[in-house]
Novice: 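Could you have a look at this structure, given as structure tokens, before my questions?
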Amino acid sequence: MDGEIPPPTPSAGAQQDAPLPLILRFEDIGAEMLPLVGGKAANLGVLTTAGLPVPPGLCVTTEAYRRVTERTALKDLLTALATTPAEDVVTLNALAAKARETVLAAPVPDDIADAARSGANGPVAVRSSATAEDLPHASFAGQQDTYLNVIGADAVLDAVRRCWASLWTDRAVAYRAANGIDHGAVRLAVVIQEMVQSEVAGVMFTANPVTGRRREAVIDASPGLGEAVVSGAVNPDHFVLDTATGRITERRLGDKQVAVRSLAGGGVEHVETPADPVERACVTDAQLGALAELGDRVERHYGTPQDIEWAVDAAGVLWLTQARPITTLYPIPHHAEPSASPAGGAPAVEVPSGGPGPGDTRIYFCFSLAQGLHRPITPMGISAFRLLSSSVFEMLGMPVADRPAGAPPVAEAGGRLFFDVTGLIRSRVGRVVFPKVLDVMEARSARVLRGLFDDPRFGVTQPSLRPPLRRAVRIAARFHIPRRFVRALRDPASAHRDVKLLRERLRGWLPAPRDATPAERLDHVERMLGGQIFPLLPTIAPAMAAGFAMLGLAALVLGDRARPGELETVLRGLPHNVTTEMDLALWRLATRIREDGEAASLLLGTPAAELAERFHAGTLPGVLGDGLADFLSGYGVRAVAEIDLGLPRWSEEPTHILGVLANYLRLEDPALAPDALFARGATEATVMIRTLSGRAGGLRGRLVRFALGRTRALAGLREMPKYVAVTALAAMRAELLAVGAELASRGLLSRADDVFFLTFREARAALGAPPSPEAAGHPSDVAARPALADLVARRRAEAARESRRRHVPRVLLSDGTEPEATAVRAPVDGALTGTPASAGTVTGAARVVLDPVGAHLEPGEILVCPSTDPGWTPLFLTAGGLVMEMGGANSHGAVVAREYGIPAVVGVSGATEHIVTGQEITVDGASGVVTTA
């Protein structure tokens with residue numbers, strides 16, 4: 001926008017050349033007028049029209065703000081703000097101060113001044129109402145100013161001017177910068193509302209903001225005006241009510257030592273209130289019931305939980321002074337797949353299917369986090385998992401009626417995949433097996449789920465062992481699992497030959513025919529994901545399972561003869577691990593580059609993004625260009641967050657790999673070289689097998705030697721099922737890019753990779769739609785813009801917002817409750833605890849990394865991260881230790897840490913929040929304790 005503030009969009013039906021109003025009464029304001037009246041006024045207009053008890057008032061529209069500021073120097077300040085990063089707080093604050101001065105100094109035309117003064121009918125509250133405020137994804141609560149008990153026309157005009165200037169408070173500018181909102185796109189309206197001289201007032205949330213539980217009203221109340229509660233100046237009375245029953249489930253009375261009262265001549269004062277010798281609530285139970293009922297009406301009207309400000313006047317009348325969405329709640333998982341019209345129009349309203357019935361609380365497990373993926377998955381990536389889930393269920397003998405919609409347990413929330421595991425927890429077998437699987441995959445989730453066992457809502461309803469046993473027998477027979485298991489134990493080389501053969505077959509089997517049409521390519525992708533890929537995994541999983549079974553057998557035979565951490569040593573330097581092989585191949589490439597001075601200098605002195613462009617252009621020096629091409633020919637199917645086929649593979653965008661290579665060149669100590677560490681780990685494992693077998697002695701010793709030898713030979717295959725799946729996803733991504741290119745050529749999408757922000761159904765519908773007017777050679781205008789492109793733009797914006805979300809629940813109930821929320825405790829005496837993952841102790845500087853792309857880790861630094869997948873593992877090679885918020889003892893990060901011999905603790909709650917980069921920490925991988933300095 002080049003820093004300009006665009007004029008507000010007229011409401012539907014308005015004439016394009018009609019002058020925009022300066023003043024609108026609440027009764028005349030609709031939700032569609034947001035650009036003209038801002039979020040607060042739009043909400044008050046909607047609530048007034050709905051018949052809710054809103055004090056009357058009017059709005060000075062954004063047109064007034066635009067006219068006042070359009071001839072000022074604000075445009076230049078907007079340009080400067082647009083180029084200032086969110087982290088540069090000093091510069092942001094300085095620019096914000098100049099913007100405030102500019103707005104306050106701007107002359108106000110007479111017609112605008114008269115419009116503002118017209119609201120001065122008795123004492124009023126003058127409130128800011130920004131166009132980026134009180135929105136479903138960002139509330140902006142408290143970012144702009146409010147003036148209470150304003151009396152007189154001139155005082156009202158002055159308050160309006162100060163509200164305009166408050167669009168540029170330091171906190172408002174910082175909030176917009178942090179949320180990626182364009183400063184130049186935000187405008188300010190001002191609400192002038194009849195003042196409620198309240199006897200008691202406060203705030204109400206219609207869902208519990210701490211636990212996330214919906215239909216649970218949380219009310220804070222204090223005598224006087226609500227400003228005392230909103231500003232945090234008072235310790236209010238606190239109540240929690242069950243909205244459905246009206247029952248008060250929690251009652252905590254505050255001291256209420258400060259009240260905000262109106263002054264006779266205008267303005268307010270803070271009054272100290274004497275302590276009440278008898279603890280009394282400032283609201284009655286009847287008033288609490290009325291509040292909960294009011295909150296329920298507002299929530300039902302909007303269809304989403306609300307943050308409400310309320311007041312009760314001297315006559316006992318309850319008023320609703322403000323309402324906004326609660327933006328911090330994590331959305332409840334839904335089962336239905338979003339859909340668009342056949343022409344690619346706006347998506348239909350999502351209707352849950354296969355989800356909980358009335359009164360049936362469900363348990364949702366976050367599969368995304370369990371796979372080390374914190375960021376949201378693209379819509380096409382989720383569609384792929386829906387198809388894969390249908391394939392899994394059909395393999396289990398449970399056909400799925402709507403295959404693209406996925407198996408009944410599959411759900412989505414906030415762009416993350418969730419599984420409804422209620423049936424597993426209510427099953428006698430499931431509540432034993434599933435948490436045990438999570439113990440070695442995502443230990444914190446296992447603890448949370450076990451904490452639900454005593455909840456009467458999730459008692460065992462499926463006590464019989466027969467159905468799951470019959471199903472397991474059928475699958476084992478169908479895929480010859482026992483035979484493959486025994487064959488791998490007898491001849492591990494045969495298992496490796498099978499895997500090699502499968503990898504070779506995949507290269508020719510996965511792509512669609514070269515002359516396939518876009519529709520045929522889409523058919524091919526759906527066929528592969530919906531029934532061809534997943535059945536491959538049981539053919540290679542038995543060998544890996546045999547390796548870990550032998551580890552368990554050795555532990556059983558050894559008993560207490562094995563000391564803590566000794567069996568883990570056997571897994572160091574584990575051969576046949578495709579991810580380890582990838583990391584070592586990258587290290588070997590770095591070694592060759594180091595020997596070429598020109599290539600090394602280029603790699604260290606050129607931005608990785610520029611090098612990636614030169615790689616695709618074929619202009620990199622031989623050792624760097626040819627070496628990278630060779631590496632990507634084998635491992636280019638991988639990526640960070642690789643389970644999402646909507647994200648580019650390394651072969652498409654090698655920027656991350658080039659950054660890792662540069663990082664490797666900074667490693668100077670030969671003893672810390674990854675190949676040396678790997679070889680040393682393998683030697684330690686061999687010595688440990690000899691030690692343990694000797695300690696057992698006799699027949700036991702020979703059995704231990706055999707079992708651990710088979711573990712070394714087979715356990716490294718644990719990464720192969722995922723590698724096969726990722727290889728298949730990369731191939732399907734290539735087919736979908738061809739579909740996207742076709743839609744882009746028709747003008748239905750802006751570019752080919754927009755297709756990943758559609759679902760399979762939407763892409764198929766779009767292939768049958770006619771070309772856009774632009775593609776057909778007609779003049780382009782806003783009305784002709786394809787609806788599909790608008791849908792993609794909305795979803796990209798939503799994905800960007802979700803990418804900034806810092807917390808994703810690992811377990812979530814269908815009433816919104818996050819079970820772990822009440823179990824999380826602050827660290828005690830500087831210690832954080834988690835699950836021991838890799839034995840050893842290391843002290844060093846922490847490096848908190850939330851996204852591995854472009855991350856730099858100095859040799860010996862301790863990597864602190866939310867979770868990992870194979871895209872992170874190159875960073876492990878220079879790490880001195882690992883601390884991870886997610887994961888269990890056998891999760892991906894833990895396994896790689898053990899193989900490289902670095903101490904690791906996983907499942908550490910809040911690690912990335914409690915630890916800061918540069919802080920010295922000690923990681924004890926045997927006890928699971930992280931100590932901060």
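These numbers come from a predicted model, not from an experiment.
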Novice: Would a distance-only check, ignoring hydrogens and angles, find a side-chain to backbone donor-acceptor pair under 3.5 Å from His496 to Ala713?
Specialist: yes
Novice: Could you tell me which non-hydrogen atom of Ile902 sits nearest to which non-hydrogen atom of Ala879, and how far apart they are?
Specialist: CG2-O, 3.4 Å
Novice: Name the atoms and distances for all side-chain donor-acceptor pairs under 3.5 Å in residues 524-532, with sequence neighbours left out.
Specialist:
unit_1, atom_1, unit_2, atom_2, d
His524, NE2, Leu510, O, 2.5
Glu526, OE2, Arg764, NH2, 3.1

Novice: Whether Glu802 and Arg805 form a salt bridge (side-chain N of Lys/Arg under 4.0 Å from carboxylate O of Asp/Glu) is what I want to check.
Specialist: yes
Novice: Taking Phe757's backbone N and O only, do any of them form a donor-acceptor pair with Thr378's side chain (distance below 3.5 Å, no angle check)?
Specialist: no
Novice: Taking side chain to side chain donor-acceptor pair (under 3.5 Å) as the cut-off, I'd like each qualifying pair that reaches into residues 393-404, sequence neighbours left out, listed once.
Specialist: Glu394-Arg403, Asp402-Arg761
Novice: Which residues pass the side chain to side chain contact (heavy atoms under 4.5 Å, CB included) test with Pro538, sequence neighbours left out?
Specialist: Met395, Phe479
Novice: Counting distance only, does the side-chain N/O of Thr422 pair as donor-acceptor with the main-chain N or O of Ile363 below 3.5 Å?
Specialist: yes
Novice: Taking side chain to side chain contact (heavy atoms under 4.5 Å, CB included) as the test, write out the residues that go with Ala585, two or more places apart.
Specialist: Arg588, Phe631, Tyr635
Novice: Is the shortest side-chain heavy-atom distance between Pro333 and Leu812 below 4.5 Å?
Specialist: yes
Novice: Tell me, please, which residues at least two apart from Ala549 pass side chain to side chain contact (heavy atoms under 4.5 Å, CB included).
Specialist: Phe485
Novice: So that I can tick it off, tell me whether Arg795 and Glu798 are bridged by a salt bridge, with the cut-off set at under 4.0 angstrom between side-chain N and carboxylate O.
Specialist: no
Novice: By side chain to side chain donor-acceptor pair (under 3.5 Å), which residues pair with Arg521, not counting sequence neighbours?
Specialist: Glu735
Novice: Could you list the residues that satisfy side chain to side chain donor-acceptor pair (under 3.5 Å) with Ser651, not counting sequence neighbours?
Specialist: none
Novice: Any salt bridge between Arg614 and Glu610, counting N to O under 4.0 Å?
Specialist: no
Novice: Judged by atom type as modelled, is there a donor-acceptor pair below 3.5 Å linking the side chain of Ser383 to the main-chain atoms of Thr759?
Specialist: no
Novice: Is the backbone N or O of Val410 less than 3.5 Å from a side-chain atom of His335, with the two atoms forming a donor-acceptor pair by type?
Specialist: yes
Novice: Would you say Ser390's side chain and Arg386's backbone share a donor-acceptor pair under 3.5 angstrom?
Specialist: yes
Novice: Which salt bridge (Lys or Arg N to Asp or Glu O under 4.0 Å) pairs, counting each pair once, include a residue from residues 648-664, with sequence neighbours left out?
Specialist: Glu652-Arg733
Novice: Take Val578 and Arg638, measure what side-chain contact (heavy atoms from CB on, under 4.5 Å) needs, and give me the verdict at the end.
Specialist: CA-CA 11 Å; Val578 66; Arg638 309 216 76 155; 4.2 Å; yes
Novice: Parallel, tilted or perpendicular for Phe418 and Tyr364, by the 30°/60° rule?
Specialist: perpendicular
Novice: Going by side chain to side chain contact (heavy atoms under 4.5 Å, CB included), name the residues that satisfy it together with Ala401, two or more places apart in sequence or in a different chain.
Specialist: none
Novice: When you measure from the side chain of Thr711 to the backbone of Gly547, do you find a donor-acceptor pair of N or O atoms at a distance under 3.5 Å?
Specialist: yes
Novice: List the residues meeting side chain to side chain donor-acceptor pair (under 3.5 Å) with Arg487, not counting sequence neighbours, and say none if there are none.
Specialist: Asp498
Novice: With sequence neighbours excluded, tell me which residues meet side chain to side chain donor-acceptor pair (under 3.5 Å) with Asp754.
Specialist: Arg796
Novice: Name all residues meeting the salt bridge (Lys or Arg N to Asp or Glu O under 4.0 Å) criterion together with Arg503; count only those two or more places apart in sequence or in a different chain, and write none if there are none.
Specialist: none
Novice: Taking Gly406's backbone N and O only, do any of them form a donor-acceptor pair with Ser389's side chain (distance below 3.5 Å, no angle check)?
Specialist: no
